[in-house]
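Each remark here refers to the structure printed beneath this line.
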Amino acid sequence: MSVSAEQIIFYIVAAIAVIGALGVVFSGDIVHAALFLVLALLMTAAVFILLSAEFLGIVQILVYGGAVTILIIFALMLTQARQLRQRLTGGQQPFALIAGLVLAGFLIYMTVQSAWPGSTDRITVVPFERFSNELFSVYNVPFEVVSLVLLAALVGAIVIARSED
Amino acid sequence: MIPLDHVLIFSALLFAIGVYGVLARRNGVLILMSVELMLQAVNVNLIAFAVYLSPERFTGQIFAVFVITVAAAEVALGLAILLRIFTNEHTSNVDEVDLLKW
C-alpha cells in the first residue's frame, strides 16, 4: 500500500502538534507553554484542512490563533506569571503521568481494535453550501443559543474581572 | 487517503496529553491551556468521524463549530475568574487558593 503525499503531510503536521502539546504540559516557562499552545492549535487547524473541513480550519485559525491566544497571553501578563515565577508543576506529577499514559493506551487500543462501519479510507468532501445551509436551517436554534452563550460569557467576564472603583 | 485510525490515534494522544496537563500543572492559566488541548482533540475526532463515516449527515462538523464557540467563551470566563483570584490573593497557583477547604 503506497503512502500518499497527504498521508505524509498529515504525519508531519500531527507530529508537530503533539510536540506542541508536549511543550504545553512540560515546559518550564509559562510563556513558552503559551507559544507551544499556539503551535498545537495551528497544527490542528492544518489537520482540519487535511480532512477537507476548510471552513473549520479557517475558523480555528481565526478564533484560536487569534482571539484565544491573545486572551491567554494577556492573562499571563496581568497575573504577572513570569515575574512571580511560581511553581508550574505540582506534586501529583507521577500520578498524572500514569493516568495520561493509561488513558492514551486505552484509547489507542480501543480505536485500533474497533471495526468502524463504513469505509475508513476515503474522505467524502461535504460541499460548503450544504454545510452552511444546514447550519442556518436545521441547526438554527443551537446557533442562536450559542450566540447568547457567547454574549453571556462576555458580559460575565467583564463583570467578574473589572476593578471595583 | 489518511486512514481513519491514524487520525483517531492522533486525537487520542492529544487528549491524553491534555489530561496530564490538567492533572499535573498548578498554574490556573496552564490548566485552561490543557483544557483547550482536550477540546482540540475532541474537535479532530468529531470532524474525522463526520467526514469518514457519515458524510451525508455531517453533524460532526456542525458540532465542532459549537465546540469551538463554547470553548472560546469558557476560556474567556475562566481567565476572568483567574484574574479576580489574582487580584484578591495575589497568586496564580491553584494549590494556594484553599479558603473553602476544611
Side-chain angles (χ1 to χ4, degrees), chain A residues 6-7 10 14 18 21-22 24-25 30 33 37 40-41 44 47-48 51-53 56 59 63 67-68 71-72 75-76 78-79 81 86-90 92-93 96-97 99-100 103-104 107-108 111-112 116 118 120-124 126 131 135 139 142 146 149-150 153-154 156-157 160-161, chain B residues 1-10 12-21 23-27 29-30 32-34 36-37 40 43-44 47-48 51-55 58 61-62 64-66 68-77 79-84 86-87 91-93 95:
Chain A
E6 263 184 349
Q7 226 172 329
F10 170 73
V18 169
L22 289 171
V24 172
V25 300
I30 195 168
L37 179 71
L41 294 175
T44 315
V47 168
F48 289 169
L51 291 177
S52 304
L56 275 152
V59 164
V63 169
V68 170
L71 268 179
I72 287 180
L76 289 178
L78 290 172
T79 60
Q86 286 177 319
R87 203 172 165 210
L88 290 184
T89 305
Q92 301 90 336
Q93 193 182 8
L97 203 56
L103 184 66
L107 285 175
I108 293 177
T111 299
V112 166
W116 304 111
T120 64
D121 273 336
R122 255 182 347 109
I123 298 178
T124 316
V126 175
F131 175 84
L135 179 63
Y139 299 98
V146 89
V149 165
L150 266 177
L154 286 178
I160 291 177
Chain B
M1 282 294 138
I2 309 163
L4 173 64
D5 282 350
H6 298 189
V7 184
L8 297 180
I9 290 176
F10 164 63
L13 277 177
L14 220 53
F15 192 79
I17 294 173
V19 165
Y20 166 77
L23 293 176
R25 294 295 223 175
R26 292 296 97 196
N27 193 318
V29 185
L30 272 173
L32 277 177
M33 283 194 240
S34 309
E36 283 302 311
L37 278 180
Q40 294 305 300
N43 266 344
V44 168
I47 293 177
V51 161
Y52 277 91
L53 295 182
S54 88
F58 41 90
Q61 291 197 21
I62 300 192
V65 171
F66 295 135
I68 291 179
T69 316
V70 173
E74 157 225 334
V75 155
L77 264 178
L79 290 174
I81 293 177
L82 286 172
L83 279 177
R84 195 46 137 175
F86 181 78
T87 310
T91 178
S92 290
N93 200 345
D95 279 337

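First the proteins, then the strands, lettered A, B, ... as listed; each starts at 1. Quick note: numbers below take in every heavy atom, side chains included, and nothing from hydrogens, waters or symmetry partners.
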Main-chain N/O of A:Ile160 paired with B:Arg84 side-chain donor or acceptor, under 3.5 Å
yes
Residue among A:Ile30, A:Leu76, A:Leu41, A:Val68 with most heavy-atom pairs under 4.5 Å to chain B
A:Ile30
Should B:Val65 and A:Tyr139 count as side-chain neighbours, where that means a heavy-atom distance under 4.5 Å?
no
Please round to the nearest 0.5 Å and tell me the distance separating atom CZ of A:Phe48 and atom CD of B:Gln61.
10.0 Å
In short, A:Val63 meets B:Ala72 closest at the heavy-atom pair CG1-CB, 4.1 Å
Toward chain A, the part of B:Val51 with a non-hydrogen atom under 4.5 Å:
both
Check step by step if side-chain contact (heavy atoms from CB on, under 4.5 Å) holds for B:Leu30 and A:Thr89.
CA-CA 10 Å; B:Leu30 272 173; A:Thr89 305; over 6 Å; no
Correct closest heavy-atom pair for A:Phe10 and B:Val7 would be CZ-CA, 3.8 Å
Looking at A:Gly156, A:Ala33, A:Ala153, A:Ala75, which makes the most heavy-atom pairs under 4.5 Å with chain B?
A:Ala153
Could you look at B:Leu13 and say if it's the side chain, the backbone, both or neither that has a heavy atom under 4.5 Å from chain A?
side chain
Less than 4.5 Å apart, any side-chain heavy atom of B:Asn43 and any of A:Thr44?
no
Shorter than 4.5 Å, heavy atoms on both sides: which option in A:Gly90, A:Ser52, A:Ala96, A:Ala161 has the most such pairs with chain B?
A:Ala96
Of the backbone (N, CA, C, O) and the side chain (C-beta and beyond), which part of A:Val47 lies under 4.5 Å from a heavy atom of chain B, both, or neither?
side chain
Chain B contact via A:Ala99 - which portion, at a heavy-atom distance below 4.5 Å:
side chain
So which of B:Ser92, B:Gly21, B:Ala12 has the biggest tally of heavy-atom pairs under 4.5 Å with chain A?
B:Ser92
Under 3.5 Å: donor-acceptor pair, side chain of B:Arg26, backbone of A:Gln86
no
Among A:Val149, A:Val59, A:Leu78, A:Val112, residue most engaged with chain B (heavy-atom pairs, under 4.5 Å):
A:Leu78
Closest non-hydrogen atom pair, B:Ser34 against A:Val25:
OG-CG1, 4.1 Å
A:Val18 vs B:Ile17, test: side-chain contact (heavy atoms from CB on, under 4.5 Å). Steps then yes/no.
CA-CA 8 Å; A:Val18 169; B:Ile17 294 173; 4.0 Å; yes
Most contacts with chain B, counted as non-hydrogen pairs under 4.5 angstrom, among A:Leu154, A:Ile108, A:Leu88, A:Thr111
A:Leu88
Which atom of A:Leu37 lies closest to which atom of B:Glu36, heavy atoms considered:
CD1-CB, 4.5 Å
Is it the backbone or the side chain of B:Thr87 that comes under 4.5 Å from a heavy atom of chain A, or both, or neither?
neither
Shortest non-hydrogen contact from B:Ile47 to A:Ala53?
CG2-CB, 3.8 Å
If you tally heavy-atom pairs under 4.5 Å between each of B:Ala24, B:Ser54, B:Gly18 and chain A, the highest tally belongs to B:Ala24
What part of B:Val29 lies closer than 4.5 angstrom to a heavy atom of chain A: side chain, backbone, both or neither?
side chain
So, for B:Leu23 and A:Gln92, which heavy atoms are closest and what is the spacing to 0.1 Å?
O-CB, 4.1 Å
A:Leu150 side chain reached by B:Thr69 side chain, heavy atoms, under 4.5 Å:
yes
Which of these passes side-chain contact (heavy atoms from CB on, under 4.5 Å) with A:Thr79: B:Leu83, B:Thr91, B:Leu79?
B:Leu83
If I measure from the heavy atoms of chain A, does B:Leu14 come under 4.5 Å with its side chain, its backbone, both, or neither?
side chain
Comparing B:Asn93, B:Val75, B:Val19 against chain A, the one with the most heavy-atom pairs below 4.5 Å turns out to be B:Asn93
Between the CG atom in A:Leu135 and the CZ atom in B:Phe66, the distance rounded to the nearest 0.5 Å is 5.5 Å
Okay, B:Tyr20 and chain A: the region with an atom under 4.5 Å from a heavy atom over there is both
